[in-house]
Structures are given as C-alpha cells and as structure tokens.
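Just below is one structure, and these are the notes that go with it.
When reading the values below, keep in mind they use all heavy atoms of this one structure, side chains included, and skip hydrogens, waters and symmetry mates.
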Amino acid sequence: MRLIVSLSVFLFICGLVGPVNAEQKDAGPKVLDLSGQTDRHVVIAQGTEKTYQGHPTTLLMPDKRTLYCVWSVDHGGPCGPLKRSDDAGLTWSNMLPTPASWTQTHNCPSIYRLTDPQGRARLFVFAQIG
C-alpha cells in the first residue's frame with residue numbers, strides 16, 4: 001500500500017497526474033461496447049465446455065499487419081498455443097510449433113519483441129515455470 005501511495009504522490013508532484021475536477025469525475029470512463037457487434041468478432045481459438053482458452057497476449061509487429069498471439073490452456077494452465085495473423089487479426093494460422101519446454105510453464109504467457117544493441121530483433125515469451 002505504501003508503494004502505491006508513494007507512486008501516486010510522486011506522479012502528482014511531477015505533474016503527470018493532475019487533480020480530478022468535478023466535471024471529469026462525473027463524466028466517468030468512456031466505454032465502447034462491441035459485444036453486440038458480432039461481425040467484428042474474430043475467434044482465435046474456440047474453447048469448449050471442458051477446455052478454457054484464456055489469457056491471450058498479442059504482439060503487433062512493425063509492419064502493422066503481422067500479429068502473434070500466445071495464451072494458456074485452462075485458467076493459468078500450460079502455456080504454448082501460438083498463432084500468427086498476417087492480415088492484422090482478421091484470420092489466424094493453425095497452431096504454430098512451440099518448444100517442448102513450454103508445456104512445463106504455466107500461467108498467463110506474455111510475448112514481446114526485443115531488439116539487441118546490434119539491431120537484431122527476437123520474439124520472447126515469458127511465463128511462470130512450475
């Protein structure tokens with residue numbers, strides 16, 4: 001709790017977060033509900049009554065068209081399903097091959113594109129071992 005309060009005070013002092021006036025407070029967050037617009041939905045991996053496909057993380061590549069998506073099977077279960085889209089998420093590939101070690105990692109995987117000092121970019125997936 002102390003860290004959160006200290007961080008809030010720090011951000012306020014630095015001017016990154018200002019006071020909330022009555023007008024902002026009453027406005028509430030802006031919400032765009034797409035749940036009824038099924039023509040805009042894309043299913044990457046259909047779950048079943050017995051298998052939960054959850055906690056997806058996506059990565060948009062610099063070309064603004066290629067997306068990768070990684071997720072866990074069951075709630076916080078094994079990491080490893082991986083798919084790719086070449087059309088900004090409208091369609092998705094079949095499952096891509098993943099290292100065997102991914103079956104030993106659990107919980108919500110995250111995917112990142114990291115570039116080394118020489119300019120070579122690599123994709124990294126992080127998940128909990130256990």
Residues 81-92, side-chain donor-acceptor partners within the protein, below 3.5 Å, at least two apart:
unit_1	atom_1	unit_2	atom_2	d
Lys83	NZ	Ile44	O	2.5
Arg84	NE	Asp86	OD1	2.6
Arg84	NH1	Tyr68	OH	2.8
Arg84	NH2	Asp86	OD1	3.1
Ser85	OG	Asp87	N	3.4
Ser85	OG	Asp87	OD1	2.9
Ser85	OG	Gly89	N	2.8
Ser85	OG	Thr91	O	2.8
Asp87	OD1	Leu90	N	3.1
Asp87	OD1	Thr91	N	2.9
Asp87	OD1	Thr91	OG1	3.4
Asp87	OD2	Thr91	N	3.4
Asp87	OD2	Thr91	OG1	2.6
Trp92	NE1	Gly89	O	3.2

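- Grouping the Ile, Leu, Val, Met, Phe, Trp and Tyr side chains by contacts below 4.5 angstrom, directly or via other members, places Val42 with Met95.
- With rounding to the nearest 0.5 Å, the separation of SG in Cys79 from CH2 in Trp102 is 5.0 Å.
- The main-chain N or O of Leu34 is found under 3.5 Å from a side-chain atom of His41 such that the two form a donor-acceptor pair.
- Partner Leu59 forms a side chain to side chain contact (heavy atoms under 4.5 Å, CB included) with one of Leu67, Leu123, Val125 and no other, that one being Leu123.
- Leu96 and Val70 fall within a single hydrophobic cluster, where Ile, Leu, Val, Met, Phe, Trp and Tyr are joined by side-chain heavy atoms under 4.5 Å apart, directly or via other members.
- When atom types are taken as modelled, the side chain of Thr57 and the backbone of Pro109 share a donor-acceptor pair closer than 3.5 angstrom.
- Residues Gln46 and Thr48 are not in side-chain contact: their nearest non-hydrogen atoms beyond the backbone lie 4.5 Å or more apart.
- In the displayed structure, Arg120 atom CZ is contacted under 6.0 Å by at most 12 heavy atoms of other residues, nucleotides or ligands.
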If you look only at distance, which donor and acceptor atoms sit under 3.5 Å apart when one is on a side chain in residues 49-56 and the other is two or more places apart or in another chain?
unit_1	atom_1	unit_2	atom_2	d
Gln53	OE1	Trp71	NE1	2.5
His55	NE2	His75	ND1	3.0

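- Identified under the side-chain hydrogen bond (donor to acceptor under 3.5 Å, both in side chains) test for residues 58-67, with sequence neighbours left out: Asp63-Thr66.
- The local environment of CG in Asn94 is sparse, with at most 12 non-hydrogen atoms from other residues, nucleotides or ligands closer than 6.0 Å.
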